[in-house]
Amino acid sequence: MKYWNEKMECMGAEDMRALQGERLRNIVRYTYERVEFYRRRMDEAGVSPDDIQTIDDIVKLPFMQKKDLRDYYPTGMFAAPMDEIVRFHASSGTTGKPIVAAYTASDLDDWAEGVARCLTAYGVTKDDVAQISYGYGLFTGGLGAHDGATKVGCSVLPTSSGNTAKQIMLMRDLGSTVLCCTPSYALYLAESIEQDKDTDVARDIKLRIGVFGAEPWTEGMRKALEENLHIKAYDIYGLTEVSGPGVGGECECQDGTHIWEDLFYPEIIDPVTLQPVEDGKEGELVFTTLSKEGMPVIRYRTRDLTHLTRGRCKCGRTAVRMAKILGRSDDMLIIRGVNVFPSQVESVIMQMPEFTGQYFITLDRVNNIDTFDIDVELKLEYHSDSIKNINAIKAKLNAKLVSVLGIKPDVHIVEPGSIERSMGKAKHVLDKRNFK
Amino acid sequence: MKIKQLSIFLQNKLGRFAEMASLLGEAEINMQAFTVAENAEFGIVRLIVSDVDKAAKLLIEHSFAVSVNEVFLLEMPDEPGALAVYVNKLSDAGVFIEYMYAFSGANGKAVVALKPSDAALCEKILG
Ligand SMILES: [Zn+2]
């Protein structure tokens, strides 16, 4: 099967816009009537539900952001009564209150539909054994991938995250063919398989498809994962505020992430002027949920930076494509006045076979100057008796980093395995400047 | 004669060195000689032990970054000028010494472990 839902994934542009317009009209009226927040915002902006007729009218509506969801914690953003809510999830806020998301049965169905479309686009079928190594629980990764894989009819292996030795044993013994987890955990799994004397990737591991998301990852990381695990690695995109993983996913072309725009309408705006940005130009990704009942969002600013491409993809889908997200504007570090994304550092490290791919950035401020330190692990086989050799590898990395970042970090070579591995979303940065 | 030496990368020098030494000690592996090369950030311990393979396996299992390299071992009488003979021979042939370290061997002899710039040439000259 090539498509999970050919009608929605391959719909012509005019039909899609008509469908989106109709759904927008409904969701705007629905939220206006049911949620005080939307009513107040629209009244303040002088927009009434009647002003929204086509999808183009979406620009009349006010934006919302993460802070709004926090301010209305816990239930202020719910649009459906509690007896229709069948599931909660919550995002891991690093500070303050989490964002709670609520789903009706129909929302869960749409969510699983989105994941099923992604899995089918990667080539997953009911004959696959899908190992879900995303964390199960409040995090949307585990249950989201689980429900989607179940919908496709896969044999689902719900290992959740952690307990890596057992993960590998079950992967080997049950013959998992699909692995769903964060890319950083996949890298750690690959490393652990390599160290496992009883397991040989080529002989014992049947994986063929990797479904990786929940954190930004680079082409270099894709290459490393594909080579180390002998798989094709695909991006799955989503966020708790909008639904969860499966808002969109790549196809076999690996040329952009198709967004299921009949369910989740994407816009790109200039984050400063808030004006729409034309296709192909980078800006901030904004989502409107077109069918959600439990906790819809309208023009939600994701902080993710990307651009959109329309038109029919080589895979046959017309669903709009989003470029790989290299960073959330929240992730952007300003170091000595220069904008740096951790993913830029990752892309450089991944290009060099000398390093394991693990890295850790520490920022601090000493005598009013930002310090920028990066720990990287030199692979065991590149160690030698010569300080000169190690310094030469370090100098090579330094030169590449300077040319990509525009500023010079202090690189430190550390022992392989000494940077803490993540079972879920990787933590790559410690910004001590925040504590001062 | 050539011998296998272990090189161990140490970032946190003091603590990790002690850890390494006790691991080897508990496994009854004797450290016959070692030298430390270091810069401001890390050091490399070059080490000759009684059982190279066992030591390498043990240290790697304990997450040490270990490589195994070959060095030349020269045994000579412990007296003035003994080493100079060898060093001159090598330098006359254009072989540089990347590093060397000395320790006492059996029967009051001095032993020098030496890493030449050109192992093949060095072998020809010393062998
Ligand atoms: Zn496509």
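Throughout, a chain's letter reflects where its sequence line sits, starting with A, and its residues are numbered from 1. Everything numeric in this text was worked out from a predicted model, so none of it was measured.
Looking at A:Ser386, the atoms closer than 4.5 Å to chain B (heavy atoms on both sides) all sit in the backbone: N, CA, C or O. With a threshold of 4.5 angstrom between heavy atoms, A:Ile413 approaches chain B through its backbone and through its side chain. When heavy atoms are compared at a cutoff of 4.5 Å, B:Ile60 approaches chain A solely by way of its side chain, counted from C-beta outward.
Taking 4.0 Å as the cut-off between side-chain N and carboxylate O, A:Arg222 and A:Glu219 count as a salt-bridged pair. Remark: B:Glu61 engages B:Lys57 in a salt bridge, criterion side-chain N to carboxylate O under 4.0 Å.
The shortest distance between side-chain heavy atoms of A:Glu191 and A:Arg421 falls below 4.5 Å.
Contact count versus chain A (heavy atoms, under 4.5 Å) is highest, among B:Ser63, B:Ser67, B:Ala37, for B:Ser67. When each of A:Ser384, A:Gly417, A:Pro416 is checked for heavy-atom pairs under 4.5 Å with chain B, A:Ser384 comes out on top.
Cation-pi geometry between B:Arg46 and B:Tyr101 is not met at under 6.0 angstrom from the ring centre and within 45 degrees of the axis.
Centroid-to-centroid, the aromatic rings of B:Tyr86 and B:Phe72 stay 6.0 Å apart or farther.
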